[in-house]
There are 2 protein chains.
Amino acid sequence: MSQNRFTPESTRLDDAARAGWLYYVAGNTQDEIARKMGVSRQTAQRLVAMALSERLVKVRLDHPIGRCMDLAAALRDRFDLGICEVAPSDPEAPDLLTGIAIAAAAELERVLKSPERRIVSLGTGRNLRAMVEQLPIMSCPQHVVVSRLGNMMADGSATPYNATIRLAERIGAPHFPYPLPVLASSTQELSAMQQQQAARNTIDLCARADLSLVGIGQMDLTAPLHVDGFLSRAEMDELSGAGAVGEITSWVYDQHGHIIDCAFNRRVASAPLPHSSERPMVAVASGLAKLPAIRAALAGRLINGLITSEAMAERLLS
Amino acid sequence: MSQNRFTPESTRLDDAARAGWLYYVAGNTQDEIARKMGVSRQTAQRLVAMALSERLVKVRLDHPIGRCMDLAAALRDRFDLGICEVAPSDPEAPDLLTGIAIAAAAELERVLKSPERRIVSLGTGRNLRAMVEQLPIMSCPQHVVVSRLGNMMADGSATPYNATIRLAERIGAPHFPYPLPVLASSTQELSAMQQQQAARNTIDLCARADLSLVGIGQMDLTAPLHVDGFLSRAEMDELSGAGAVGEITSWVYDQHGHIIDCAFNRRVASAPLPHSSERPMVAVASGLAKLPAIRAALAGRLINGLITSEAMAERLLS
DNA sequence: TTGCCGGTTGGGCAATTGCCCCTCCGATGG
DNA sequence: CCATCGGAGGGGCAATTGCCCAACCGGCAA
């Protein structure tokens, strides 16, 4: 009541956080919380539920599950990966975002803990965005966050799932948005764009990134590129006809993991994918539909790291 | 499965981790977990409980208040406090009055909500005054507000920051101003004053207060006692020489939280501070300058409750 | 004023969870 | 061989939790 007068909804969240803390950290029952906070049991229950639904409470499991570690080791071995993490799957929801996001956040956090300056480059996508949400709030002004591709659609509007800004905000690091759109309208325009100092600087940062995290897009009707409107149905059919199975930061590649030489790729403005680099280029991806895309990216060594689900790991190894 | 034969208990932990993951991350019920893992519901429950007891699950609250509650819990534990609240600090104004005032007001409001008669005794200071301003207007004629110290300066003028009157007005409760000045001119005069029926009655109310809220004053050039003219520069230097680090309702104490036996304290007319009382004696204080004063008050158990800022809580614990 | 509307509260009940206690099973030792 | 023992599994019940629904509250328009 009283405290609500000033910042109603922020105080309600505060109460939710407090209730969540009392419940999950202090181990109170909802009755005790109700008593301590001077509200009814039902309200306490609502606050706890809100802490959950507003993603105020983050749960992490600190135990390497043997099966997942085995799968990760097998993937590392088979595909010569530097970084590989496998998150447990719920058999009935095998590609729940949260598990993979937590695993990816842990990997990212490891790098961010360094006192030395680190450059982290990010792609886009739900997975990366969910990853950032799982990261604890930390202060890392020594690092740099850079985006590997634009967040503007052709008409200038921003794409959703922008992970770079969120990450930079969360860890208090300077960040470099990608100064070009996702696609240029022509090869000529692209060349001109790439001459800009800002573009050259950002692309250079991407090339020197100490950790790159990217999503992987499949090439079917649910393809992120298509859903987000970068690729018309006709273009996509054409690309599929040319053997496209997946894309990373909009670079479309075939089943061998080779970037396809095509009109579309010649308009892609994203930072180039490094060739068999020493630097970690880690894909964060799951979902049955992405299987061929992930397999190809691994085969072609477009990536040298993978964070995925138990279910996907099993399929990749079979 | 296969790994069981070699490290049975590690597999049990694995199962616990998996069960915990399915429960806390994937949101399954224990029945579903039991079905998916092929065990009985009871076993699933045991596994989930084990994940908890083995500290496999780590819960984090991503809301400023979460950190505050951690700090408050640590302070409560370290200094054996009954009431402890830590308000979030704005990094750029770590001791902003408002946050602490809101926290203190919430604590006060909890007591005021009681239908039973409660006696609330107050000290003085900006913090308490700000606290009262944060309190909702409510009708509490059943309670009693009493001041722990005078609001008259030597010349009879009133001190600013009088919280008692404001609080009484705001909640519509009867109130007892402190019928003596802050300082008597001599020990003899003080004894005479304390014989007055009104004084004895008020002091008695203070001793029986169900909640006492006081400020803490530091002992440097910005000391409230000095700024408000109760303590000359020379007197303060003398007290500092005698080890004074802080004061509560004008009672000056040393770094161990012991009221100093000195000429000044023998003239202090404020209600006595209860010794290790069961009744809540809560300090509302923040500001870097007050650190030694707060630390000493905690050490000497002059207070058994504290409402402070995140920044101060961190310093107190470090 | 009245009545509607969105949002919050508390009662009550069903689902879920925590836990006691008994049983079973394998190991151990007499 | 049998008695004992400790640990895991399961039945069952009480406590806790989740959620639906009706009541209530404050704002707003008629």
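Naming: A, B, ... by sequence-line order, numbering from 1 per chain.
- For the pair B:Asp31 CG and D:dT17 C1', the interatomic distance rounds to 15 Å; values are reported in whole Å.
- Using a 4.0 Å cut-off between charged nitrogen and carboxylate oxygen, A:Glu310 and A:Arg315 do not count as a salt-bridge pair.
- Distances shown here put every side-chain N or O of A:Thr43 at or beyond 4.0 Å from the OP1 or OP2 atom of C:dT8.
- An OP1 or OP2 oxygen of D:dG9 is reached within less than 4.0 angstrom by no side-chain nitrogen or oxygen of B:Ser40.
- Within the structure, every side-chain polar atom (N or O) of A:Tyr23 is placed at least 4.0 Å from both OP1 and OP2 of D:dT16.
- A straight line from OH of B:Tyr24 to C1' of C:dT17 spans 10 Å, rounded to a whole angstrom.
- Between the P atom of D:dC19 and the CD atom of A:Gln30 lies a distance of 11 Å, rounded to the nearest Å.
- We find that A:Lys58 and A:Glu133 are not joined by a salt bridge, their nearest charged nitrogen and carboxylate oxygen being 4.0 Å or further apart.
- When side chains are defined from C-beta on, A:Arg110 counts as touching A:Glu107, because their heavy atoms get closer than 4.5 Å.
- Computed from coordinates, the B:Ile33 CD1 to C:dA15 P distance equals 19 Å when rounded to whole Å.
- One cannot find a donor-acceptor pair under 3.5 Å joining the base of D:dG11 and the side-chain atoms of B:Arg41.
- On a pure distance criterion of 3.5 Å, a polar donor-acceptor pair joins the side chain of B:Gln42 and the base of D:dG11.
- Distance A:Met50 CE to D:dC19 P: 14 Å, rounded to the nearest Å.
- Going from atom CG of B:Asp15 over to atom P of D:dA8 covers 12 Å, rounded to whole Å.
- One finds no side-chain N or O of B:Gln45 lying less than 4.0 angstrom from the OP1 or OP2 phosphate oxygen of D:dG9.
- With hydrogens and angles ignored, the 3.5 Å screen pairs a side-chain donor or acceptor of B:His143 with a backbone N or O of B:Leu112.
- Between the side chain of B:Arg46 and the base of D:dG10, at least one donor-acceptor pair of N or O atoms lies under 3.5 Å.
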